[in-house]
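Step one of this worksheet: look at the structure below.
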Amino acid sequence: MKKAKNAPTKSAPLPIEATNDLSTAILDAVCAGDGPSFEERVRSAVDDLPAHFLFHMRIDLEPAMDVAAIATADSETADFLIVRQSEGGDVAIEPAADSDLPIAALIPAYAGLAATLPTAA
């Protein structure tokens, strides 16, 4: 799991090339974001990246944490990432397949469902 180092206050938009490490780019953008909420910072971070925001969930256990799910490609070949922030803690990102959070197992199914909803309506 990657963890943020000291986050800068604001940075320029990230120039992303196919060879760059996408999870590092997302992590840096979330830490540098100026949105008032974790969800807004994650959504803003993936706006200019080859990734899709799937959902945000607040988990009120000890310690409480915010979790966001991201798909890094179309739903058929997607890699899924979890971005998490403990209350008042560091921001971290990890592949959903490597996550110890139970919600990680739902991410591929959610992405598949979300991909079919626009065509079903």
Side-chain angles (χ1 to χ4, degrees):
M1 172 178 0
K2 294 185 180 201
K3 290 192 175 182
K5 296 179 181 140
N6 293 333
T9 55
K10 185 72 176 164
S11 66
L14 297 169
I16 301 301
E17 297 171 3
T19 58
N20 286 8
D21 184 359
L22 184 60
S23 62
T24 299
I26 292 169
L27 182 64
D28 290 346
V30 169
C31 290
D34 59 357
S37 73
F38 176 76
E39 178 179 354
E40 289 171 326
R41 291 193 321 271
V42 173
R43 283 180 181 273
S44 178
V46 300
D47 277 350
D48 298 325
L49 302 175
H52 313 297
F53 179 89
L54 295 173
F55 64 84
H56 165 259
M57 180 179 287
R58 172 94 175 149
I59 301 174
D60 289 323
L61 297 173
E62 282 298 319
M65 75 173 63
D66 285 290
V67 176
I70 298 170
T72 60
D74 65 73
S75 60
E76 293 178 14
T77 60
D79 288 324
F80 301 102
L81 300 171
I82 289 221
V83 182
R84 62 167 128 186
Q85 180 176 29
S86 296
E87 196 163 66
D90 293 334
V91 176
I93 190 167
E94 63 190 344
D98 297 342
S99 179
D100 59 347
L101 294 173
I103 192 73
L106 300 175
I107 294 172
Y110 182 89
L113 177 65
T116 62
L117 288 178
T119 58

Residues which pass salt bridge (charged side-chain N to carboxylate O under 4.0 Å, His left out) with D60, listed by chain and number, not counting sequence neighbours: R58
Salt bridge (charged side-chain N to carboxylate O under 4.0 Å, His left out) partners of R41, counting only residues at least two apart: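 Once residues adjacent in sequence are excluded, R41 has no partner under the salt bridge (charged side-chain N to carboxylate O under 4.0 Å, His left out) criterion.
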Smallest separation among heavy atoms of [X] and [Y], with atom names:
{"X": "A45", "Y": "I26", "result": "CB-O, 4.0 Å"}
{"X": "I82", "Y": "A104", "result": "CD1-CB, 3.7 Å"}
{"X": "L81", "Y": "P95", "result": "CD2-CA, 3.9 Å"}

Sequence-distant partners of L106, side chain to side chain contact (heavy atoms under 4.5 Å, CB included), two or more places apart: I103
Set of residues satisfying side chain to side chain contact (heavy atoms under 4.5 Å, CB included) with respect to S37, sequence neighbours excluded: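 Partners of S37 under the side chain to side chain contact (heavy atoms under 4.5 Å, CB included) test: E39, E40.
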pair [X]-[Y]: side-chain heavy atoms closer than 4.5 Å:
{"X": "D47", "Y": "F53", "answer": "no"}
{"X": "R84", "Y": "L101", "answer": "yes"}
{"X": "V83", "Y": "L27", "answer": "no"}

Pairs meeting criterion salt bridge (Lys or Arg N to Asp or Glu O under 4.0 Å) with involvement of residues 101-111, two or more places apart: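 Sorted result for residues 101-111: empty, none.
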Interatomic distance, I70 atom CD1 to H52 atom NE2 [nearest 0.5 angstrom]: 11.0 Å
Distance, nearest 0.5 Å, that separates CD1 of I59 from OG of S86: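 Interatomic distance, I59 CD1 to S86 OG, rounded to 0.5 Å: 10.0 Å.
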Pair listing, side chain to side chain donor-acceptor pair (under 3.5 Å) test, anchored in residues 102-113, at least two apart: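 Qualifying pairs: none.
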